[in-house]
Amino acid sequence: MSETLTRADLSEAIYSEIGISKVESSQIVDQIFEEIILDLINGKSVKLSSFGSFLVRQKNERIGRNPKTKEEAVIEARRVVVFRASKELKNNIINE
Amino acid sequence: MIKSSLIKRLLKNNPHLIQADVESIVKIVLKNISDALSKKGRAEIRGFGTFSVRHRNARNGRNPRTGEKVVVPAKNVPMFKAGKSIRDRLNYKS
């Protein structure tokens with residue numbers, strides 16, 4: 001549980017399994033995430049079957065408090081990304 | 001967007017690739033993230049976000065319909081936290 005998967009690991013996997021160049025592999029990895037981000041920016045949700053969905057939620061402005069200093073601050077209205085894992089993904093990690 | 005429309009867009013951007021390869025590529029990416037979560041507990045995609053696994057202890061629950069007590073077993077659940085750049089980009093326009 002120490003090592004973390006990164007973009008580099010993904011392009012490495014594509015490079016060795018598909019047989020396209022390393023440069024192309026890393027470019028397509030970047031494109032996949034960029035396409036997802038672009039749709040989210042446009043307020044569209046992204047559903048990847050057997051993996052999960054990325055949704056955009058609108059949050060209203062609210063007053064928050066710094067728990068340490070107890071100082072109050074306005075948290076502005078904003079959009080956030082939420083991820084809902086599919087059943088398959090949940091089942092894949094449920095057992096230790 | 002769904003997986004098939006993502007594949008179509010990638011094909012359009014990469015006319016030298018064939019559809020079967022692009023399908024495999026998307027599959028490899030999702031499979032590797034999923035496997036990394038189950039084996040390493042973490043996948044960090046810079047500029048996008050971080051997937052992690054959080055442990056949930058077993059707890060006593062109730063069947064809301066019957067009121068019956070049940071033990072909800074301990075489990076690991078996947079989490080996603082959007083990266084700073086995506087948060088900024090989402091709130092730039094609005």
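Because only heavy atoms are used, hydrogens play no part in the values below, and waters and symmetry mates are left out as well, while side chains stay in. Sequence lines set the chain letters: A, B, ... in the order given, protein chains first and strands last, and positions in each chain run from 1.
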Which region of A/F33, side chain (C-beta onward) or backbone (N, CA, C, O), has a non-hydrogen atom less than 4.5 Å from a non-hydrogen atom of chain B, or is it both or neither? both
Can you tell me how the ring of B/F51 sits relative to the ring of A/F54, calling it parallel under 30°, perpendicular over 60° and tilted otherwise? perpendicular
Out of B/A36, B/S24, B/S85, B/A43, return the one with the most heavy atom pairs under 4.5 angstrom to chain A. B/A43
Go through A/Q27 and B/N14 one step at a time and tell me if the side chain to side chain donor-acceptor pair (under 3.5 Å) criterion holds. CA-CA 10 Å; A/Q27 280 171 347; B/N14 303 274; over 6 Å; no
Step-by-step side-chain contact (heavy atoms from CB on, under 4.5 Å) determination, B/M1 to A/I36: CA-CA 8 Å; B/M1 180 167 73; A/I36 296 173; 4.1 Å; yes
Considering all heavy atoms of both residues, which atom of B/I25 and which atom of A/I28 are nearest to each other, and what is their separation? CG2-CG2, 3.8 Å
Does OH belonging to A/Y15 count more than 12 external heavy atoms closer than 6.0 Å? no
Any side-chain to backbone donor/acceptor pair from A/R7 onto B/R46? Under 3.5 Å, distance only. yes
Mind checking the CG-CG spacing from B/N76 to A/N92? Nearest 0.5 Å is all I need. 11.5 Å
Can you check side chain to side chain donor-acceptor pair (under 3.5 Å) on A/E76 and B/N91, steps first, answer last? CA-CA 10 Å; A/E76 281 170 40; B/N91 293 293; over 6 Å; no
Applying the 4.5 Å side-chain criterion to the ILVMFWY set and letting contacts propagate, would B/L11 and A/I14 be lumped into a single cluster? yes
Give a yes or no on this: more than 12 heavy atoms of other residues, nucleotides or ligands lie within 6.0 Å of atom NZ of B/K27. no
Rounded to the nearest 0.5 Å, how far apart are OG of B/S38 and CG of A/N91? 11.5 Å
Between A/D30, A/D39, A/V81, A/V46, which shows the greatest number of heavy-atom pairs under 4.5 Å with chain B? A/D39
At a heavy-atom distance under 4.5 Å, which candidate from A/V56, A/V80, A/T6, A/I32 has the highest pair count against chain B? A/I32
Under 4.5 Å from any heavy atom of chain A - which part of B/I86: side chain
Chain A contact via B/I33 - side chain, backbone, both or neither, heavy atoms under 4.5 Å: both
For the backbone of A/S49 and the side chain of B/K3, can you confirm whether one donor and one acceptor N or O come within less than 3.5 Å of each other? yes
Between chain A and each of B/K31, B/K81, B/H16, count heavy-atom pairs under 4.5 Å; write down the option with the most. B/H16
How far does CD of A/E34 sit from CZ of B/R9, to the nearest 0.5 angstrom? 10.5 Å
Determine whether A/I18 and B/L17 satisfy the following criterion, side-chain contact (heavy atoms from CB on, under 4.5 Å), listing intermediate values before the conclusion. CA-CA 10 Å; A/I18 304 292; B/L17 295 178; 5.9 Å; no
For A/A13 and B/I28 the tightest heavy-atom approach is CB-CG2, 3.8 Å
To the closest 0.5 Å, what do you measure between CG (A/L40) and CG (B/L90)? 6.5 Å
Looking only at non-hydrogen atoms, find the nearest pair between B/K40 and A/E3 and report the distance. CB-O, 3.1 Å
Counting heavy-atom pairs under 4.5 Å to chain A, which of B/D35, B/I45, B/D21, B/V77 comes out on top? B/I45
Check each atom of B/L6 against the heavy atoms of chain A and say whether the ones under 4.5 Å are side chain, backbone, both or neither. side chain
Strictly distance-based, threshold 3.5 Å: is any side-chain N or O of B/R42 a donor or acceptor partner for the main-chain N or O of A/T4? no
Just wondering, do B/L30 and A/S50 contact through their side chains at under 4.5 Å, heavy atoms? no
So which heavy atom on A/I37 is nearest to which on B/G47, and how close? CD1-O, 3.5 Å
Quick check on the hydrophobic clustering: are B/L10 and A/I41 connected, directly or via other members, by side-chain heavy-atom contacts under 4.5 Å? yes
